[in-house]
Number of protein chains: 2
Amino acid sequence: MQSFTEENYLKIIYHLAELTNNVQTNSIAEKMQTKPASVTDMIKKLADKGFVDYIKYQGVTLTEKGRNAAIDIVRKHRLWEVFLVNKLNFKWDEVHDVAEELEHIKSVDLIERLDEFLGFPKSDPHGDPIPDKNGRFAKNHFTKLIELKIGDSGTITGVSQHSSAFLKHLEKLGLTLGKQIQINDVTDFDGSVEILVADKQINISREVAKHILISNNGKN
Amino acid sequence: MQSFTEENYLKIIYHLAELTNNVQTNSIAEKMQTKPASVTDMIKKLADKGFVDYIKYQGVTLTEKGRNAAIDIVRKHRLWEVFLVNKLNFKWDEVHDVAEELEHIKSVDLIERLDEFLGFPKSDPHGDPIPDKNGRFAKNHFTKLIELKIGDSGTITGVSQHSSAFLKHLEKLGLTLGKQIQINDVTDFDGSVEILVADKQINISREVAKHILISNNGKN
DNA sequence: AATAATTTTTAGATTTACCTAAAAATAAAA
DNA sequence: TTTTATTTTTAGGTAAATCTAAAAATTATT
Ligand SMILES: [Mn+2]
Ligand SMILES: [Mn+2]
Ligand SMILES: [Mn+2]
Ligand SMILES: [Mn+2]
């Protein structure tokens with residue numbers, strides 16, 4: 001059984017490993033909002049417990065056991081987010097912090113019943129896939145909106161930024177999950193993108209376009 | 001903001017204070033499954049923070065602030081128990097341990113929305129009253145089944161023992177909340193009680209009868 | 001009132017998760 | 001290939017919550 005803190009480390013290592021196989025001490029420290037020295041301490045402990053493989057100065061990788069533990073926490077986090085949005089009427093920008101706490105509740109039974117209660121959802125309110133009880137899930141294969149060309153179209157199916165500020169902004173622009181969009185123009189000056197959504201033409205900044213994920217996109 | 005541990009101390013002191021106004025160090029230690037020396041340490045801290053009044057060797061009493069904090073935790077615990085039983089189909093004997101964890105999730109918004117989602121329940125699966133968001137609740141005024149006389153009748157509206165073993169036993173006997181019962185006889189030999197429930201005559205031990213709470217009882 | 005039993009507190013340690021400052025290793029630049 | 005910069009680790013320490021053993025206070029019993 002892992003502590004609250006160990007679970008947070010595992011989850012963060014897991015997410016960082018999605019970007020780079022070998023995860024650096026400093027990246028973990030940044031995400032954990034702690035100091036590199038503390039991370040080294042914890043890494044040693046996680047290695048002792050068999051959750052990570054660790055070579056001094058070479059960063060860490062999750063073991064099978066570590067990855068499973070991490071995926072289990074991700075599963076809980078996302079299921080709770082679905083619960084908060086679908087059952088308790090939270091907005092998608094309000095759920096992350098509460099889910100950060102709920103994900104640590106230890107009861108296999110609880111999470112399986114919750115999954116059932118929610119109708120075995122496949123993705124969370126931000127479009128992220130929810131692992132099943134065996135840890136399996138389809139890896140999303142989205143294109144960033146910023147990478148689309150003029151004339152391309154598709155459906156908003158995810159976001160790669162979960163901050164409340166960003167999500168509220170999208171909401172205001174009407175850019176929510178499931179919405180159909182089309183690229184009309186890309187501004188030379190600042191890289192902002194003109195898109196068509198719900199029959200309206202709007203302009204979004206490059207920064208915003210970077211974090212919107214599109215699927216099912218018909219290239220021009 | 002209180003820590004997980006502080007919250008548990010406050011809740012336990014609150015429950016003990018329902019029995020005796022001045023709560024002893026040893027009773028707290030027993031309930032917390034810790035040592036008296038640890039309790040003394042924590043009591044000092046809680047006193048510093050203004051949650052309890054404390055005089056050396058004289059035990060503790062909750063301050064207004066401490067009582068409010070404790071009631072808030074009790075409210076969360078009981079609401080989560082209702083959720084687990086009514087929405088996730090847990091049995092009444094399976095919910096306590098999970099609720100012990102869930103009660104520490106810190107989000108006022110969450111618990112108010114949960115309350116609403118559940119339809120503002122007035123009591124939990126064990127018949128215990130649920131404080132409203134202002135901490136107000138009707139204090140139950142039940143009679144222990146053991147105190148009834150032959151011929152008395154009433155409705156099972158609570159239990160004063162929450163162990164899984166006890167609750168499972170009641171379930172098997174058909175002695176669940178809302179059931180109508182009548183006292184038919186009390187055995188001289190062992191103090192066991194003959195009761196009528198759902199047209200069936202059953203015998204329950206003195207120990208069981210002590211922990212069943214009856215309301216609305218028509219005396220003979 | 002004196003003695004014994006119980007309860008409670010202090011003293012001193014331990015464990016977990018942190019921290020700062022300095023040393024060591026690795027990577028990048030000159 | 002040195003030198004410099006960055007990353008990572010070690011060393012030593014702190015705060016929270018716990019523990020054991022022993023001392024002190026309170027309560028109960030003779
Ligand atoms: Mn989230
Ligand atoms: Mn999410
Ligand atoms: Mn309970
Ligand atoms: Mn209960």
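Numbers restart at 1 for each chain; the letters A, B, ... are given by sequence-line order, proteins then strands. Computed from heavy atoms alone, side chains included, the values below leave out hydrogens, waters and symmetry copies.
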Nearest whole Å is fine: how far is [N] [atom2] from [X] [atom1]?
{"X": "Leu46(A)", "N": "dT16(C)", "atom1": "CG", "atom2": "C1'", "answer": "13 Å"}
{"X": "Ile43(A)", "N": "dT10(D)", "atom1": "CD1", "atom2": "P", "answer": "11 Å"}
{"X": "Ile55(B)", "N": "dT8(C)", "atom1": "CD1", "atom2": "C1'", "answer": "14 Å"}
{"X": "Gln2(B)", "N": "dA16(D)", "atom1": "CD", "atom2": "C1'", "answer": "16 Å"}
{"X": "Lys44(A)", "N": "dT8(D)", "atom1": "NZ", "atom2": "C1'", "answer": "10 Å"}

- Message: Enumerate the side-chain hydrogen bond (donor to acceptor under 3.5 Å, both in side chains) contacts for residues 127-139 of chain A, please, sequence neighbours excluded, ordered by first and then second residue.
- Response: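 Counting only pairs at least two positions apart or across chains, the side-chain hydrogen bond (donor to acceptor under 3.5 Å, both in side chains) contacts touching residues 127-139 of chain A are Asp128(A)-His162(A).
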
Checklist entry - Would you find a donor on one side and an acceptor on the other, under 3.5 Å apart, between the side chain of Arg78(A) and the backbone of Pro129(A)? => result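 Checking the backbone N and O of Pro129(A) against the side chain of Arg78(A), a donor-acceptor pair under 3.5 Å is found.
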
Between the side chain of Lys65(A) and the main-chain N/O of Lys49(A), is any donor-acceptor distance below 3.5 Å?
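Indeed, once roles are kept as given, a pair shorter than 3.5 Å links the two residues.
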
Ring geometry between Phe117(B) and Phe117(A) (parallel below 30°, tilted from 30 to 60°, perpendicular above 60°):
perpendicular

May I ask you to decide if the ring planes of Phe166(A) and His211(A) are parallel, tilted or perpendicular, using 30° and 60° as cut-offs?
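Because their plane-to-plane angle is over 60°, the rings of Phe166(A) and His211(A) count as perpendicular.
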
Check your understanding: Are the charged groups of Arg113(A) and Glu116(A) less than 4.0 angstrom apart, N to O?
Key ->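 A salt bridge is absent here (no side-chain N lies under 4.0 Å from a carboxylate O).
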
- Task: Indicate yes or no: does Glu112(B) engage Arg75(B) in a salt bridge with an N to O separation below 4.0 Å.
- Result: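 Between Arg75(B) and Glu112(B) there is no salt bridge, as every charged N stays at least 4.0 Å from the carboxylate O atoms.
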
Q. What does Phe4(A) touch in the nucleic acid at a heavy-atom separation under 4.0 angstrom: a base, only the sugar-phosphate, or nothing?
A. nothing

Sorted by number, residues from residues 15-42 of chain A placing a heavy atom under 4.0 Å from DNA chain D are Gln24(A), Thr25(A), Asn26(A), Pro36(A), Ala37(A), Thr40(A)

Phosphate OP1/OP2 of dT8(C): any Tyr54(B) side-chain N/O under 4.0 Å: no

Sub-3.5 Å pairs of nitrogen or oxygen atoms, protein against nucleotides 24-26 of chain C:
| residue | atom | partner | partner atom | Å |
| --- | --- | --- | --- | --- |
| dA25(C) | O4' | Tyr57(A) | OH | 3.3 |

**Prompt:** How about Asp53(B) and Thr63(B): does a side-chain donor come under 3.5 Å of a side-chain acceptor?
**Reply:**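 No - no donor-acceptor pair under 3.5 Å links their side chains.
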
